[in-house]
Undergrad: 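Below you'll find the structure I mean.
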Amino acid sequence: MSTGPLNPSDADNQDETGRIFRDARNRLNKAIQYYPISPDVEEQLKYPKSSLAVSVVVRMDNGSRRAFKGFRVRYDDSRGPSKGGIRYHQNVSLDEVMALAFWMTFKCAVVGVPYGGAKGGICVDTKELSKKELERLSRTYIDMIADMIGPDIDIPAPDMYTNEMVMGWMADQYNRIKRGKYPGVITGKPLSLGGSLGRTDATGRGGVYVLRRLEEHLQLVPEKATVALQGFGNVGFYCAQLLHEAGYKIVAISNSEGAIYDPDGIDPGPLKAWEQQNKEILMGGPTNGKAQAISNEELLKLPVDVLVPAALENQITTRNAHEIQARIILELANGPVTTAADAILEERKILVIPDILANAGGVTVSYFEWVQNQTGFYWELEEVHDKLKKIMEKASINVWNTMTEHGCDMRTAAYIEALKKLTEAIEAHGTRYYFNVP
Ligand code: GLU
């Protein structure tokens with residue numbers, strides 16, 4: 001929520017929502033211009049269904065107590081239980097979590113997984129915590145939100161700076177509270193606790209399936225195409241690895257410590273191993289020798305065929321959108337391009353493959369994990385890959401066709417596709433037309 005005084009001249013401020021959430025909702029407003037929806041559906045999607053803000057008080061290793069701000073937001077559950085990750089980051093706010101929950105709602109709809117959208121987060125820099133402190137933080141957070149989640153209500157998962165170990169602690173804590181075994185309450189768990197094969201690389205892999213399915217439309221020839229990646233975490237690394245295997249030349253990679261550029265191409269596998277052994281410093285790693293250190297900002301402005309923002313939101317804004325030289329942007333992060341920057345990129349004919357489609361591979365394999373948990377029957381890796389590919393490719397073509405049909409940008413087309421499914425579900429629950437009330 002915005003904490004400063006409201007500016008009366010800014011009508012958008014009147015509902016006291018924050019900037020990131022309002023920016024997210026603008027995308028919906030734009031889609032409605034191309035694909036009008038009933039006022040009832042618009043009302044339903046206006047605000048989060050419920051939001052919880054908690055203080056997560058943790059005993060630190062030195063015996064002291066420390067309080068961390070925690071949130072869980074369920075945006076909408078018209079299409080099924082709400083679903084979305086839990087983020088640990090020092091910039092987490094209710095505003096951001098609301099926006100992320102909003103995006104999850106549309107993401108699940110665009111790929112057709114039977115979920116609504118949610119998100120959670122704790123305002124914390126995990127690098128400052130010991131492993132034991134991190135475990136206590138994760139378990140206490142679940143104590144605080146346990147009444148809001150459940151395998152048929154709201155299902156958390158990993159997001160930035162949370163991983164399968166954290167999901168394992170969280171699932172275990174939920175089971176302790178409920179005195180039973182409920183593996184379907186959280187996805188992204190370790191395999192031994194009911195996780196799915198293929199979940200770890202699912203977001204990066206899903207993005208690659210989208211790009212590869214659209215190669216012909218985008219006039220992309222892997223062997224001739226260059227790629228720059230912002231973010232070398234779970235999402236960025238697997239995307240880099242799979243694109244490299246497909247023949248794309250990865251010329252730049254960054255992480256939170258800096259970026260490197262090598263016009264001869266970078267093999268992501270050896271670089272990842274180097275990064276892990278060298279305190280995340282990329283420079284000096286195994287490259288072809290022409291590598292040079294550049295800034296994250298310079299990486300975004302490189303003249304490449306594909307730019308992959310796979311880190312935080314708000315990376316491409318009015319500040320740098322005029323200088324982006326990539327031909328295509330594949331959004332693996334959530335919200336890396338602002339609405340105002342979208343307009344500039346569109347004018348400059350830079351195609352943005354939107355987050356709610358490009359990074360939906362993660363939640364899709366989370367859905368597979370949940371299905372396996374609910375049925376108690378576990379799949380082979382090949383089955384996970386095949387099913388993920390099918391879903392991502394189908395959604396990509398649907399969005400592409402909708403874009404051509406409406407003559408809009410690809411993001412708006414993705415929102416239209418999602419709105420079709422959300423509208424059907426909301427209307428099936430009954431609207432003013434259904435009840436025949438004028
Ligand atoms: N955090 C991921 C996302 O933003 C995955 C969510 C999930 O698996 O539920 O899509």
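Note that the structure is a prediction, hence the values are computed from the model and not measured. Counting convention: from 1, in listed order, for ligands and their atoms alike.
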Undergrad: State whether the side chain of Arg205 and the backbone N or O of Gly362 hold a donor-acceptor pair below 3.5 Å, judged by distance alone.
TA: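 Not confirmed, Arg205 side chain does not pair with Gly362 backbone.
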
Undergrad: Test Tyr75 against every option in Tyr115, Phe102, Phe106 by the ring-ring contact (aromatic ring centres under 6.0 Å, His included) rule and name the one that passes.
TA: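 Filter result, single survivor: Phe102.
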
Undergrad: Ile356 pairs by side chain to side chain contact (heavy atoms under 4.5 Å, CB included) with which of Glu417, Glu331, Lys107?
TA: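 Filter result, single survivor: Lys107.
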
Undergrad: Which protein residues have a heavy atom closer than 4.0 Å to any atom of ligand 1, listed by chain and number?
TA: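 If the criterion is a heavy atom under 4.0 Å, then ligand 1 touches Lys83, Gly84, Gly85, Met104, Lys107, Lys119, Ala157, Pro158, Asp159, Arg199, Asn334, Gly362, Val363, Ser366.
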
Undergrad: Show me the donor-acceptor pairs, under 3.5 Å and distance only, between side chains in residues 154-170 and residues at least two apart or in other chains.
TA:
{"unit_1": "Asp154", "atom_1": "OD1", "unit_2": "Arg72", "atom_2": "NH2", "d": "2.9"}
{"unit_1": "Asp154", "atom_1": "OD1", "unit_2": "Ser82", "atom_2": "OG", "d": "2.9"}
{"unit_1": "Asp154", "atom_1": "OD2", "unit_2": "Arg72", "atom_2": "NE", "d": "2.8"}
{"unit_1": "Asp154", "atom_1": "OD2", "unit_2": "Arg72", "atom_2": "NH2", "d": "3.3"}
{"unit_1": "Asp159", "atom_1": "OD1", "unit_2": "Lys119", "atom_2": "NZ", "d": "2.9"}
{"unit_1": "Asp159", "atom_1": "OD2", "unit_2": "Arg87", "atom_2": "NE", "d": "2.6"}
{"unit_1": "Asp159", "atom_1": "OD2", "unit_2": "Arg87", "atom_2": "NH2", "d": "3.0"}
{"unit_1": "Thr162", "atom_1": "OG1", "unit_2": "Ile86", "atom_2": "O", "d": "2.7"}
{"unit_1": "Thr162", "atom_1": "OG1", "unit_2": "Asp159", "atom_2": "N", "d": "2.7"}
{"unit_1": "Thr162", "atom_1": "OG1", "unit_2": "Asp159", "atom_2": "O", "d": "3.0"}
{"unit_1": "Asn163", "atom_1": "OD1", "unit_2": "Met165", "atom_2": "N", "d": "3.2"}
{"unit_1": "Asn163", "atom_1": "OD1", "unit_2": "Val166", "atom_2": "N", "d": "3.1"}

Undergrad: Please check this pair: side chain of Arg79 against backbone of Ala425, looking for a donor-acceptor N/O pair closer than 3.5 Å.
TA: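 Side chain of Arg79 to backbone of Ala425: no pair is present.
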
Undergrad: Taking Glu424 first and then Lys421, would you say they form a salt bridge - that is, a charged N and a carboxylate O separated by under 4.0 Å?
TA: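 No, no charged N to carboxylate O under 4.0 Å.
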
